[in-house]
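Positions are given from 1 along the sequence.
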Amino acid sequence: MQYLVDAQVEVKAAPTTRHWPLDRLDGGVKNHLLLSFGLRRAAYIATVLSSSELAVLSDLADALVIARIHRYPPARLAHFDQYVPINAAEQKAYELAQVRWLKDAEYLLGCRLGRSPTHKELFGDFMRNRTGQRFRAYYVLKYPQRIRRRSASVLPRPTAA
C-alpha cells in the first residue's frame with residue numbers, strides 16, 4: 001500500500017462537534033460545569049439548558065437535576081404532585097423557594113420577550129412549561145429529607161369521566 005504525502009496539503013483535525021454546546025457558554029460557567037460534572041454530563045446540561053437558564057441558577061450544582069427535570073414527560077412530573085413538606089417550617093422554606101423559582105421563570109420569559117411579560121403571558125408560559133410541576137420535582141429531588149408523601153386521605157380524588 002502506498003501513502004501519498006504532499007507537503008502542500010494542510011491536514012486539519014476534524015471539528016469536535018460532539019461537545020459543541022459547551023462552546024456557547026461563558027468560560028466560568030463552562031469550567032464550573034466541566035469540573036463539577038465531567039465532559040459528558042456538562043455537554044448534556046449545555047444541550048438541555050440555555051445559557052440564560054444556567055445564569056439564574058444560584059447553585060450550578062443543581063444544573064444536572066434541572067436538566068433532567070427539563071426532559072421529564074408530563075406523567076413523570078405528575079408523580080411529584082403527591083409530595084408535601086414535612087412540617088410548617090419546611091412549608092415556609094418550600095414557599096420561599098417556590099417564589100424564587102417563579103421570579104426566575106418570569107425573568108427568563110422577560111429575557112425571551114425583551115420586555116416585562118403580561119399576566120396572560122406569564123400564565124401561558126407557566127402552563128406550557130409545567131413550571132409548578134417542574135418546581136415540585138426539583139424540590140423533591142433536591143431536598144428529600146424535607147418532604148413526605150401525602151397521605152392517601154389528602155390525595156385528590158379522581159373525577160368521574
Side-chain angles (χ1 to χ4, degrees), residues 19 21-159:
H19 301 292
L22 289 169
D23 294 337
R24 66 179 171 76
L25 298 179
D26 172 71
V29 172
K30 178 180 175 179
N31 290 338
H32 189 291
L33 291 176
L34 285 169
L35 289 172
S36 298
F37 299 107
L39 184 59
R40 195 184 92 214
R41 286 183 174 168
Y44 170 77
I45 292 165
T47 300
V48 176
L49 301 176
S50 69
S51 56
S52 57
E53 289 171 321
L54 288 167
V56 298
L57 294 180
S58 58
D59 185 3
L60 277 176
D62 294 341
L64 183 60
V65 171
I66 292 172
R68 286 181 174 158
I69 291 168
H70 194 73
R71 292 210 167 157
Y72 279 0
R76 188 153 186 196
L77 288 171
H79 165 77
F80 295 97
D81 291 344
Q82 60 188 319
Y83 292 96
V84 294
I86 57 173
N87 58 36
E90 294 304 335
Q91 179 68 34
K92 183 71 174 167
Y94 177 88
E95 290 169 1
L96 289 172
Q98 188 175 39
V99 168
R100 231 179 6 258
W101 185 278
L102 292 172
K103 286 182 187 277
D104 289 345
E106 180 180 6
Y107 171 78
L108 289 170
L109 179 59
C111 288
R112 284 195 310 267
L113 296 173
R115 58 177 169 74
S116 293
T118 65
H119 290 290
K120 184 177 179 179
E121 292 167 330
L122 280 171
F123 179 74
D125 185 69
F126 182 88
M127 297 305 289
R128 187 174 37 261
N129 294 313
R130 302 178 187 278
T131 305
Q133 287 183 314
R134 289 188 197 289
F135 170 74
R136 281 190 292 279
Y138 164 76
Y139 201 83
V140 169
L141 295 172
K142 172 90 174 168
Y143 304 109
Q145 72 282 6
R146 295 181 180 182
I147 54 96
R148 64 175 169 77
R149 196 176 193 142
R150 192 182 319 207
S151 63
S153 63
V154 184
L155 287 174
R157 295 175 188 238
T159 56

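Classified by interplanar angle (parallel below 30°, tilted 30° to 60°, perpendicular above 60°), the ring pair Y143/Y139 is tilted.
Sorted by first and then second residue, the side-chain hydrogen bond (donor to acceptor under 3.5 Å, both in side chains) pairs involving residues 96-109 (not counting sequence neighbours) form an empty list.
Residues L60 and I45 have side chains not in contact (no heavy-atom distance under 4.5 Å, counting atoms from C-beta outward). Annotation: side chain of L54 is in contact with side chain of L33 (closest heavy-atom distance under 4.5 Å). For the pair R134 and L77, the minimum side-chain heavy-atom distance is below 4.5 Å.
Atoms NZ and CG, on K30 and L35 in that order, are 12.0 Å from each other to the nearest 0.5 Å. Here the straight-line distance linking atom CG of N87 with atom CD1 of I147 works out to 12.0 Å at 0.5 Å rounding. Annotation: the span from D59 atom CG to D62 atom CG amounts to 4.5 Å, rounded to 0.5 Å. To the nearest 0.5 angstrom, R130 atom CZ is 13.0 Å from H70 atom NE2. For the atom pair CZ (R71) and CD1 (I66), the distance works out to 14.5 Å, reported to the nearest 0.5 Å.
Nearest heavy-atom pair across R68 and Y72 is O-CD1, 3.1 Å. In terms of heavy atoms, A93 sits closest to R146 at CB-NH1, 4.3 Å. The shortest heavy-atom contact between S116 and E121 is O-OE1, 4.5 Å. Considering every non-hydrogen atom in both V48 and E53, the closest pair reads O-OE1, 4.1 Å. Scanning all heavy atoms of the two residues, the minimum distance from L25 to S51 falls at CD2-CB, 3.9 Å. Taking every heavy atom of both residues into account, A137 and I69 meet most closely at C-CD1, 3.7 Å.
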Yes or no on side-chain contact (heavy atoms from CB on, under 4.5 Å) for V65 and K142, after CA distance, side-chain angles and deciding distance?
CA-CA 8 Å; V65 171; K142 172 90 174 168; 5.8 Å; no
Passes ring pair (Phe, Tyr, Trp, His ring centres under 6.0 Å), F135 versus Y94? Steps please.
CA-CA 10 Å; F135 170 74; Y94 177 88; 5.1 Å; yes
For L102 and L122, run side-chain contact (heavy atoms from CB on, under 4.5 Å): C-alpha distance rounded to whole Å, both residues' side-chain angles, the deciding distance at 0.1 Å, then the answer.
CA-CA 10 Å; L102 292 172; L122 280 171; over 6 Å; no
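More than 12 heavy atoms of other residues, nucleotides or ligands shown are found within 6.0 angstrom of CZ on R112.
No side-chain donor-acceptor contact under 3.5 Å links N129 to the backbone of T131. Side-chain N or O atoms of R149 include none that pairs as donor or acceptor with a backbone N or O of Q82 at under 3.5 Å. A distance-only check finds a donor-acceptor pair linking the side chain of R150 to the backbone of D81 [under 3.5 Å].
Remark: R41 is not positioned above the aromatic ring of F37, lacking an NZ or CZ atom under 6.0 angstrom from the ring centre and at most 45 degrees off the axis.
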